[in-house]
Participant: 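One structure follows; several queries about it will come next.
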Amino acid sequence: MVDVHCHLNLHAFDNDYDEVAKRAFEAGVRIIVNTGTSIPSSRRAVELAHKYDSPAGEMYAIVGVHPHHADKADVEFEGEIQSDWFKKLSELAKDKKVIGIGETGLDYHVYESNGIVDKKLQLDAFRKQIELSIKLGLPLQIHNRQAGEDIVRILSEYQARLQDPPGMFHCFAGTFEVLSNALDLGFYIGFDGNVTYKGIAKGETVLLSELAKATPLKRILVETDAPFLTPMPLRGKRNEPKNVIIVGEYLAKLYGVGFSEFEEATHRNFETLFRIKI
Ligand SMILES: [Zn+2]
Ligand SMILES: [Zn+2]
């Protein structure tokens, strides 16, 4: 399996990222992709990617500034002033182990800690990263929380200039309409451990498993978003990339195909989207 979106680059894994990575590789995960959410965590994702480089256990990085951190442009965050973030990101993105730009997008969820980040700042950061994806020829990894209509509308503006394929929506949630618009634009669709949860998440209207079933097998990708979104029956514990297998098994059943067929299909999807051959 490939875990196309997780965060061994976050502090939750500072003490044991190596054991966690090895556990995943031993369990049958062949590729781990760590995604940045800020400049420091993007830099860390690149650093980690260079530590693992074998067919039995490969790591790549996706670098970007999360919409939730779009307001940190000129303040200190994780020990680093974020000014010139776009210049720093453009430099990081040129590394040979960087395969995409993200996570970037829009997030309209009202968080208890800090509400919604100024939508103008989110939009500005999103547009800059779309331009970077076009300039460097790297696909996008989109973060969408309750902002699917706006994201689709903005991506449509760039349609003629986006990469082919243009990228993926990570941790998909939303309506059937947003899903079909994303698919029409050529995007791949990622699902995580929360697809195994019962019921519809707050602020959403469609069950994730229904959205997964509506996604063609040739467009689906599997991810963990570790340390978040631990699949059932492990929910409550810290998530880790090894659990992408649990998510994959769940989705294979949902599609009514054998696990190895599903694994092969999603691996091919990963290679096609990120232009990688392993
Ligand atoms: Zn996200
Ligand atoms: Zn994430």
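Only a predicted model underlies this, so the values are computations on that prediction, with no experimental measurement involved. Read the numbers this way: they start at 1 and go in the same order the structure lists the ligands and their atoms. The chain is numbered in sequence order, starting from 1.
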Participant: Judged by modelled atom types alone, do Glu103 and His68 share a side-chain donor-acceptor pair under 3.5 Å?
Facilitator: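 There is no such pair between these side chains.
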
Participant: So does Glu91 pair up with Lys87, basic N to acidic O under 4.0 Å?
Facilitator: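 Between Lys87 and Glu91 there is no salt bridge, as every charged N stays at least 4.0 Å from the carboxylate O atoms.
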
Participant: Taking the basic N atoms (NZ, or NE/NH1/NH2) and the acidic carboxylate oxygens, is any pair closer than 4.0 Å for Glu263 and Arg30?
Facilitator: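 Salt bridge: no.
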
Participant: Indicate whether any N or O donor in one side chain lies under 3.5 Å from an N or O acceptor in the other, for Asp18 and Tyr52.
Facilitator: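 A donor-acceptor contact under 3.5 Å links the two side chains.
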
Participant: Tell me the closest heavy-atom pair linking Ile32 and Cys6, and the distance in Å.
Facilitator: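 Closest heavy-atom pair between Ile32 and Cys6: CG2-SG, 3.4 Å.
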
Participant: When the ring planes of Tyr255 and Phe262 are compared, do they come out parallel, tilted or perpendicular, using 30° and 60° as the limits?
Facilitator: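 It falls in the tilted class, 30° to 60°.
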
Participant: Pull up every protein N/O/S atom sitting under 2.8 Å from the Zn ion (ligand 2), skipping waters.
Facilitator: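 Near the Zn ion (ligand 2), below 2.8 Å, one finds His5 NE2, His7 NE2, Glu103 OE2, Asp225 OD1.
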
